[in-house]
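Have a look at the structure below, then the notes.
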There are 2 protein chains.
Amino acid sequence: MRYHKAPDETIRRLPSYLRGLALLLDQGYKSISSQGLADFIGINPWQIRKDFSYFGGFGTRGVGYDIEKLVKQIKKILRLDVVHKAALVGVGNLGLAVLAYPGFGVYGFEVAAAFDVSPQKVGRKVHNVAIEGVSELGTLRKRGIDIAIIAVPREAAQQTVDELVKAGVRGILNFSPCYITVPKKLKVITIDIAMDFARLPYYMPRQAGA
Amino acid sequence: MRYHKAPDETIRRLPSYLRGLALLLDQGYKSISSQGLADFIGINPWQIRKDFSYFGGFGTRGVGYDIEKLVKQIKKILRLDVVHKAALVGVGNLGLAVLAYPGFGVYGFEVAAAFDVSPQKVGRKVHNVAIEGVSELGTLRKRGIDIAIIAVPREAAQQTVDELVKAGVRGILNFSPCYITVPKKLKVITIDIAMDFARLPYYMPRQAGA
DNA sequence: CTATGTGAATTTATTCACAGCA
DNA sequence: TGCTGTGAATAAATTCACATAG
């Protein structure tokens, strides 16, 4: 089911709830109020309650939310209740950072394959993942990999995407700083770290603090 | 001046216009219509015109926009018309990727310093930047560095931020997957790559494409 | 008595439709 | 005639206030 009523902004916030709840669990909390979670992740409590209400509400009035149960519900909404296998394409500096990134586990992702064009890299093993040549991309479908992470130079991005589409991938996380075109029934999320950086000065105060 | 009327969403889009315009310049274009730019970056033309209108409008009716002039105007709005020096804290995998990232130049950023706690790393030079010990963070103010990029483990994030605040930094790009607290007059933008990843499955279609 | 869940009110952002200028 | 710039209309998201359940 695809909870059509929920605003995109709500969907955007759900992963941050998940992250906060995982941290709270680590700290030994079993349950939390919307106020407590709000303080913890820097947001308002009514926003949290409203977000949950789009899916029917997950809490107990007068008490709060059972964290473990809440995590399970949010994961189900985001379809993170099953492990998703992802392939990394492009094992440069950014690709290496992706392979080393410890934060994917919380969301049920597993980077199960890595690809690169460079013959020097192919065959090597990085963070327990063997690097394959891009000619092997066609094997993704039968390996059950339906998500790709693109960390190739901008010039190669669109071509890489085209090959991934042919390989049956349904979702792409694009780190290349460019707009790419895909068939309508495929979701692409582009992250350009420089672009977030670029709006920082606008919001910075004029004079230094303390 | 701080164009108070412009929506935050407009500010969020300006860097992507900048990116697209830089690419168009590379391709030899001198001017562009809102329709042309819209097609190029995957957005609607009226959104672009509306965004520019908050600042008075930058084009010529019946003709379009002079790209070079437009770039200059947007950079001024975002305060990217001066070079900003940034310091990287944490030279792990992600930090290395930041140092190697070629995309900052477009926006007028220069990663002018790098810091790490590891004695093995201090003293080495990576991508023309010498790695210093975190005890040197106090020198940032007099070196004219007012932006910091944090790529340290989550546990160290808040403490790092506190030191950066003392060092006079006014803006922080935080790659650590956690919420951090800062004095109100300091801007923090947090990027958690796993969080963007986490909403991908929600938007993915059920069956594989072609 | 506490903290959730939710309609209603408000604010914010997008889309439209066309007036205005080259 | 062509494309920008913008008020007005629509849509979306946030905030509020309180009824409701435990």
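Only a predicted model underlies this, so the values are computations on that prediction, with no experimental measurement involved. Residue numbering restarts at 1 for every chain, and letters A, B, ... go by the order of the sequence lines.
A straight line from CD of B/E9 to C1' of D/dT14 spans 13 Å, rounded to a whole angstrom. Going from atom CD of A/Q73 over to atom P of C/dG5 covers 11 Å, rounded to whole Å. D/dT14 atom C1' lies 13 Å from atom CZ of A/R49, rounded to whole Å. Whole-Å rounding puts the A/D39 CG to C/dA3 P distance at 12 Å. Following rounding to the nearest Å, B/D8 (CG) and D/dA13 (P) show an atom-to-atom distance of 15 Å. When rounded to the nearest whole Å, the span between CG of A/L70 and P of C/dT4 equals 11 Å. Atom OH of A/Y17 is separated from atom P of C/dT4 by 13 Å (rounded to the nearest Å). Between the CG atom of B/D66 and the P atom of D/dC3 there is a distance of 16 Å, rounded to whole Å.
Of the residues near DNA chain C, B/V63 and A/R61, the one whose nearest nucleotide (by heavy atom distance) lies more toward the 5' end is A/R61. Between A/D51 and B/K50, the residue whose closest nucleotide on DNA chain D is further toward the 5' end is B/K50.
Side-chain nitrogen and oxygen atoms of B/N44 include none within less than 4.0 Å of the OP1 or OP2 phosphate oxygen of C/dT14. At D/dG5, one or more side-chain N or O atoms of B/Y65 fall inside 4.0 Å of OP1 or OP2 (strictly under the cut-off).
Using a 4.0 Å heavy-atom criterion, one finds that A/S34 contacts the sugar-phosphate atoms exclusively. Heavy atoms of A/R12 sit nowhere under 4.0 angstrom from any nucleic acid atom. As judged by a 4.0 angstrom heavy-atom cut-off over every strand, B/F52 is placed among residues making no nucleic acid contact.
Closest approach to the A/S53 side chain among C/dA3, C/dT6, D/dT14 is made by C/dT6 (side chain taken as heavy atoms from C-beta onward). Out of D/dG22, C/dG5, C/dA13, the shortest distance to the side chain of B/P7 is found at C/dA13.
Ring centers of B/F104 and B/Y101: under 6.0 Å apart, within the cut-off.
No more than 12 heavy atoms of other residues, nucleotides or ligands sit less than 6.0 Å from atom CG of A/N128.
Taking the charged nitrogens against the carboxylate oxygens, B/E136 and B/K142 have no contact shorter than 4.0 Å, which rules out a salt bridge. Contact check on A/D81 versus A/K76 returns no salt bridge, with no Lys/Arg side-chain nitrogen under 4.0 Å from an Asp/Glu carboxylate oxygen.
Looking at B/E110 and B/H84, their side chains never come closer than 4.5 Å, going by heavy atoms from C-beta outward.
Across its full length, the helix from C/dC1-D/dG22 to C/dA22-D/dT1 shows an angle of 10° between the axes of its 5 terminal pairs at either end, rounded to 10 degrees.
In this structure, A/Q73 CD and A/L18 CG are separated by 12.0 Å, a value rounded to the nearest 0.5 Å.
When the options B/I67, B/I74, B/D66 are evaluated for a side chain to side chain contact (heavy atoms under 4.5 Å, CB included) with B/L70, the one that passes is B/I74.
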